[in-house]
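Inspection log for the structure reproduced underneath, given as structure tokens.
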Amino acid sequence: MKVVIIGATGNVGSRTMNSAVRAGHEVTAYVRRPEAVAASKGIRIVKGNAEDTVALTEAAKGSDAIIVAITGAIKDTSFMQRNIVSIVKAAKDAHVRRIILVSAFGAGDTADKAAWFMKLAYRTVLGKFFRDKAAADAFLEQSGLDYTIVYPVNLKDAPASFNVTAKPLAEVAKVPGMPTLPFASVAQEIVAILSDPHSIGQRMLITTARGWTPRQ
């Protein structure tokens, strides 16, 4: 597939870019700082920011999918809401229907599935940050595009692990404790979701193999 990755220099985006190339996809790294992406076979580097609809539309033309892996500063309470509007418009203008948005576990109603101490943090200290993400998620759901929204649990910089699973949120009752995954493992799951038609229209939890309990 031909895939545009917005945020290809970030912790998740950079690893998703590398994982996608290893899987045989052609990647357009749409980034603010092209010098931060190493030139490599299978990667086209385009300078731009997510709010520049014209530049993003041009970069996405002829692509099969867009992966959105950006996040704003905690104090920026409208970052994702501003950017998702531009991204959706660019996707439609470029005739790209498939879009994967990397959100975060704790956004919106996902917090209801968290352990009590994590739920408290999500709704107080990080409340405005997660409300911004939840609003962007809802906007994408209403866009008419073939979306998948992924909700990774807590992340760390470590080698990829096989101790990872992706589950539709509708199948998840709880996420006990504080499961943590390597960025690289989440990237691999995102690339797998990219090619999975069953994930279209789904909100997916990405967690450790035991970091969830099923609904009865």
Side-chain angles (χ1 to χ4, degrees), residues 4-17 29-33 35-37 47-53 56 66-90 99-143 147-158 164 166 169 172 174-187 189-190 203-208 211-212:
V4 177
I5 299 180
I6 304 173
T9 58
N11 286 321
V12 173
S14 61
R15 291 162 176 83
T16 302
M17 176 180 67
Y30 185 78
V31 292
R32 291 177 299 169
R33 296 182 297 111
E35 68 276 8
V37 181
K47 182 177 181 178
N49 67 71
E51 292 187 84
D52 188 339
T53 304
L56 180 53
I66 297 172
I67 297 174
V68 184
I70 55 174
T71 193
I74 291 177
K75 64 182 180 180
D76 188 340
T77 60
S78 65
F79 177 85
M80 285 307 305
Q81 292 174 80
R82 296 195 312 270
N83 282 278
I84 198 64
V85 172
S86 302
I87 292 167
V88 165
K89 185 178 188 312
I99 186 166
I100 296 176
L101 173 62
V102 183
S103 185
F105 182 68
D109 60 359
T110 67
D112 296 335
K113 302 177 187 294
W116 70 267
F117 56 92
M118 295 303 296
K119 186 186 303 184
L120 182 63
Y122 295 150
R123 290 181 170 167
T124 55
V125 178
L126 299 171
K128 293 180 179 179
F129 177 76
F130 279 114
R131 283 194 291 274
D132 177 43
K133 285 189 173 293
D137 298 349
F139 183 86
L140 180 58
E141 286 185 85
Q142 299 299 317
S143 69
Y147 72 87
T148 305
I149 304 173
V150 298
Y151 297 87
V153 292
N154 306 284
L155 300 175
K156 63 181 178 180
D157 188 4
V164 58
L169 275 169
V172 178
K174 289 291 181 182
V175 177
M178 194 170 66
T180 304
L181 283 172
F183 295 116
S185 295
V186 171
E189 287 300 309
I190 291 170
R203 302 165 70 215
M204 307 284 293
L205 172 73
I206 303 180
T207 186
T208 60
W212 70 293

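None of the values given here were measured: they were computed from a predicted structure. Residue numbers count from 1 along this sequence.
Remark: the backbone N or O of G72 is not paired with any side-chain donor or acceptor of D76 at under 3.5 angstrom.
Contact between I6 and I70 at its shortest, heavy atoms only, is O-CG2, 3.6 Å. The two residues V102 and V150 have their closest heavy-atom pair at CA-CG2, 3.6 Å. Y151 and S103 make their closest contact through CE2-OG, 3.5 Å (heavy atoms, listed as atom of the first residue, atom of the second, distance). Contact detail for A29 and M17: the closest heavy-atom pair is CB-SD, 3.9 Å. The two residues G211 and V175 make their nearest non-hydrogen contact at O-CG1, 3.4 Å. Closest of all the heavy-atom pairs between S143 and V88 is CB-CG1, 3.8 Å.
Residues V85 and F139 are in side-chain contact: their nearest non-hydrogen atoms beyond the backbone lie under 4.5 Å apart. Using a 4.5 Å heavy-atom cutoff, the side chains of T53 and S86 are in contact. A heavy-atom distance below 4.5 Å is not found between the side chains of T208 and V164. Counting heavy atoms from C-beta outward, I67 and I99 have side chains that stay 4.5 Å or more apart. Counting heavy atoms from C-beta outward, L140 and V68 have side chains that stay 4.5 Å or more apart. Here the side chains of V31 and K47 are not in contact, with every heavy-atom distance at 4.5 Å or above.
Going from atom CH2 of W212 over to atom CG of L169 covers 11.0 Å, rounded to the nearest 0.5 Å. Residue Q81 holds its CD atom at 4.5 Å from CG of D132, rounded to the nearest 0.5 Å. Between the CZ atom in F105 and the CG atom in N154 there is a gap of 8.5 Å [rounded to 0.5 Å]. The CZ atom of F130 sits 12.5 Å away from atom CE of M80, with the distance rounded to the nearest 0.5 Å. Between D157 atom CG and F183 atom CZ the span is 6.0 Å, to the nearest 0.5 Å. With rounding to the nearest 0.5 Å, the separation of OG1 in T148 from CZ in R203 is 12.0 Å.
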Per-pair distances, 0.1 Å, donor-acceptor, side chain in residues 114-124, under 3.5 Å, sequence neighbours excluded:
residue, atom, partner, partner atom, Å
R123, NH2, D112, OD1, 2.1
T124, OG1, L120, O, 2.5

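Enclosure of atom NZ in K174 by more than 12 non-hydrogen atoms of other residues, nucleotides or ligands within 6.0 angstrom is indicated.
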query: Would D52 and Y30 satisfy side chain to side chain contact (heavy atoms under 4.5 Å, CB included), going step by step from the backbone distance to the final call?
result: CA-CA 11 Å; D52 188 339; Y30 185 78; 4.0 Å; yes

- prompt: Under the side chain to side chain contact (heavy atoms under 4.5 Å, CB included) criterion, do L155 and T180 qualify, and how do the steps go?
  reply: CA-CA 5 Å; L155 300 175; T180 304; 5.8 Å; no

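S78 meets the side-chain hydrogen bond (donor to acceptor under 3.5 Å, both in side chains) test with R82; sequence neighbours excluded. The side-chain hydrogen bond (donor to acceptor under 3.5 Å, both in side chains) search around N49 returns none, not counting sequence neighbours.
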